[in-house]
Structure formats: C-alpha cells, structure tokens
Undergrad: 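Encoded as structure tokens, here's the structure I'll be asking about.
The analysis underlying the following values was restricted to heavy atoms, covering all of them including side chains, and did not include hydrogens, waters or symmetry mates. In this text, all values refer to a predicted model and were calculated from it rather than measured experimentally.
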Amino acid sequence: MHAATQPLMSGNAAALQRFAAAGMSPLSAADALSVDSYELLRGQKAVEIKHNGAIYRLQTTKLGKLILTK
C-alpha cells in the first residue's frame, strides 16, 4: 500500500502491520533483551553503534531522553 493511501493508525498498529508485511513477527516483552542506557553510555553523552555496516549515534538530551541517528 502506498504511503499516501495508507490509513492513519496508532503507532503500535502501524508497526505490527510493517512487521507482518515484511514476514516478521515482533518480539514479545519476554523475548526482548533489556540493557540499561547507563551500561551503553558508560557516563558519556553519546555512543556510536555499528549495525549492518552503518554507524548510528545514540545520545542523551538535556532532558534525559535518548536520540538514535544514522
């Protein structure tokens, strides 16, 4: 379905539809690995994450939120 003709839906419903379209099933909470952000950042404001040949940057904001950028 083209993005312009796709009906509006909640974020969870849209994510589930994308997983189904890709032939994937989402992880349940029991299946997901939980890592504390402090363990990843180790006191730094940002960390680089290598994934499939690309480098992503995970950083914290002044308000304590996390941002992941490519």
Undergrad: Starting at NZ of Lys65, measure out to OG of Ser37 and round the result to the nearest 0.5 Å.
TA: 13.0 Å
Undergrad: Would you say the side chains of Arg57 and Gln59 form a donor-acceptor pair under 3.5 Å?
TA: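 Indeed, the side chains of Arg57 and Gln59 share at least one donor-acceptor pair under 3.5 Å.
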Undergrad: Just how far is it from atom OG1 of Thr60 to atom CG of Leu40, taken to the nearest 0.5 Å?
TA: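 If we round to the nearest 0.5 Å, Thr60:OG1 and Leu40:CG are 12.0 Å apart.
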Undergrad: Starting at CD1 of Ile55, measure out to OG1 of Thr69 and round the result to the nearest 0.5 Å.
TA: 11.5 Å
Undergrad: Could you state the interatomic distance from CG (Leu58) to CG (Leu68), rounded to the nearest 0.5 Å?
TA: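 It is 6.0 Å, given to the nearest 0.5 Å.
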Undergrad: For the hydrophobic clusters of this structure (ILVMFWY residues joined by side-chain heavy atoms under 4.5 Å, transitively), does one cluster hold both Val35 and Tyr56?
TA: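 Result: yes, single cluster for both.
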Undergrad: Between Leu33 and Val47, is there shared hydrophobic-cluster membership here, with clusters defined by ILVMFWY side-chain heavy atoms closer than 4.5 Å?
TA: yes
